[in-house]
Amino acid sequence: MDAPENPEGPRPPGGGGPAGGATETPRRLSREQLFVLISAASMNLGSMMGYSVLGPFFPKEAEKKGASNTVIGMIFGCYALFDLLASLVFGKYLVHIGAKFVFVAGTFVSGGVTVLFGVLDQVPDGPIFIAMCFLVRIMDAISFSAAIMASSSIIAKAFPNNVATVLGSLETFSGLGLILGPPLGGFLYQSFGYEVPFIFLGCIVLLMVPLNMCILPNYDADIGKHSFWKLITLPKVGLIAFVIISSSSCFGFLDPTLSLFVLEKFNLPAGYVGLVFLGLALSYTISSPLFGLLSDKMPHLRKWFLVFGNIITAGCFILLGPVPILHIKSQLWLLVLVLVVNGVSAGMSIIPTFPEILSCAHAFIGPTVGGFLYEKIGFEWAAAIQGLWALICGLAMGLFYLLEHTRRKRSIPQNIPSTEQERTALLPNEIYPYTILE
């Protein structure tokens, strides 16, 4: 594919741009940058709506079809597992396939399999239904991974100096999809049955395909010098990846368990169960752009976001039930309030990290273990155990930064970075784990 002529966006470091590094980002968006934002936002919105529509009613429907809570958790969890595995493949071969083609094809397949999920109620109960659920979810995960990998590479080209800000802003549309998906899915399910939510949302995603074909710019791609595996061998990167997996698994834990808990504890209809999810999604949507902006403008705050974000998340999961040892009565207003705070703490934990790691850091463990623990020990204790993981991550990050600060104080100050140099990615900028577009 030919690169667009005279791109107005800045070139990434190491590209063929002017000497001295990347130029400053123009204050006004170029036409190509605007189209990139529209395409990425539409993909985030549509895909997250299709992903989150299952929450309010699918666990109950799957129980009727013979699936246990553990199996339901695995159905949710397999999405994240294959998203991660596929991202490694697409990250390597994106340059050979083409970013725009991968983006459009991934969006098309994602919309198609969302529609297919709507006819699974016609499949015979038991093993056949379960197998088909796994198959469709895996196809959806692979297609979403393709689209998000292509989107991340294009964004890295169009906005090399403001990746965290841009991805943080785009998380608004991901959060909006998470906001609209559950209540809309619950309402459509309650009014029209199982098929309509999936067919409706799948068609929305499919309608975005011709839009993206027309407006998304073409870019040539070039492979980065260093591999993903070399990146994750760095101690700091490994620790940050562990934090991201923990934060993502906390999100995933709620997918198969929260709706069942709300239905059992508060006897709400499916439409209202979808509204409960709003507490988490809305606060995450609002806070994500703020933390993305702060991460770019004041990089010294990132470490505090990571530490306190995980500690607050741990407290939220302890209070979700709440855990029985606290002897606090479970109330709907408390549950919603905790979800709101959890959405903010999730933004603190995830957005400041290196954006390319974010694109493949969804966790298989959260939904799978969450469904198993819910079945064995109940939601209250299961949520507390999930929160313990976040607490360990927060304390580990705090200890790491404390040791790092101590080592720096003992060493002789040399080459103190300027303000501009401090505004680099959280991870070493000489290593690029993914395809960078040139």
Side-chain angles (χ1 to χ4, degrees), residues 43-44 46-55 57-59 61-63 65-94 97 101-152 174 177-178 181 185 194-195 197-199 201-202 205-206 209 245 248-249 251-257 359-372:
M43 187 272 296
N44 285 11
S47 297
M48 287 298 101
M49 287 179 67
Y51 172 83
S52 63
V53 69
L54 282 73
F57 61 88
F58 177 76
E61 285 290 322
E63 279 188 337
K65 302 286 280 186
S68 66
N69 289 329
T70 301
V71 172
I72 294 172
M74 293 179 68
I75 292 173
F76 278 91
C78 74
Y79 183 100
L81 176 63
F82 281 87
D83 181 18
L84 172 62
L85 297 177
S87 68
L88 300 178
V89 176
F90 286 116
K92 181 176 182 179
Y93 294 103
L94 187 66
I97 305 173
F101 176 81
V102 172
F103 183 93
V104 173
T107 305
F108 175 77
V109 175
S110 180
V113 295
T114 300
V115 174
L116 286 178
F117 214 100
V119 300
L120 291 184
D121 63 326
Q122 307 298 325
V123 175
D125 297 356
I128 297 180
F129 169 79
I130 294 172
M132 290 302 299
C133 286
F134 275 110
L135 179 61
V136 174
R137 287 288 283 178
I138 290 171
M139 292 173 60
D140 195 14
I142 294 174
S143 61
F144 175 77
S145 176
I148 198 68
M149 285 298 299
S151 174
S152 297
S174 298
L178 294 173
Y194 177 85
E195 297 90 350
F198 297 102
I199 296 175
L201 293 177
V205 176
L206 290 174
V209 172
I245 293 173
S248 300
S249 71
F251 270 120
F253 169 86
L254 298 173
D255 289 333
T257 60
S359 66
C360 68
H362 298 87
F364 168 71
I365 300 173
T368 305
V369 176
F372 173 78

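All residue numbers in this chain count up from 1 along the given sequence.
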I need the minimum non-hydrogen distance between [X] and [Y], along with the two atoms involved.
| X | Y | result |
| --- | --- | --- |
| A62 | F129 | CA-CE2, 4.0 Å |
| T114 | L201 | CG2-C, 4.4 Å |
| F57 | G185 | CE2-O, 3.7 Å |
| S151 | M43 | CB-CE, 3.8 Å |
| S47 | V205 | N-CG2, 4.3 Å |
| P197 | V53 | CB-CG2, 3.8 Å |

Approximate separation, where rounding is to 0.5 Å, of [X] [atom1] and [Y] [atom2]:
| X | Y | atom1 | atom2 | result |
| --- | --- | --- | --- | --- |
| D83 | S143 | CG | OG | 9.5 Å |
| I97 | F103 | CD1 | CZ | 15.0 Å |
| L206 | I199 | CG | CD1 | 11.5 Å |
| L120 | M132 | CG | CE | 6.0 Å |
| F90 | I142 | CZ | CD1 | 7.0 Å |
| I138 | C133 | CD1 | SG | 11.0 Å |

Kindly assign one of parallel, tilted or perpendicular to the pair Y194 and F58, based on the angle between their ring planes and the thresholds 30° and 60°.
tilted

Check: S110 side chain, G106 main-chain N or O, donor-acceptor pair, under 3.5 Å
no

Counting distance only, does the side-chain N/O of S152 pair as donor-acceptor with the main-chain N or O of I148 below 3.5 Å?
yes

Any side chain to side chain donor-acceptor pair (under 3.5 Å) involving residues 123-136? Give me the pairs, sequence neighbours left out, ordered by first then second residue.
K65-D125

CZ/F108: more than 12 non-hydrogen atoms of other groups inside 6.0 Å:
no

Can you find a heavy atom in the side chain of [X] that is under 4.5 Å from one in the side chain of [Y]?
| X | Y | answer |
| --- | --- | --- |
| V136 | D140 | no |
| F198 | V119 | no |
| R137 | V113 | no |

Only counting residues at least two apart or in another chain, list the ones meeting salt bridge (charged side-chain N to carboxylate O under 4.0 Å, His left out) with E195.
none

What salt bridge (charged side-chain N to carboxylate O under 4.0 Å, His left out) pairs are there with at least one residue in residues 112-121, not counting sequence neighbours?
none

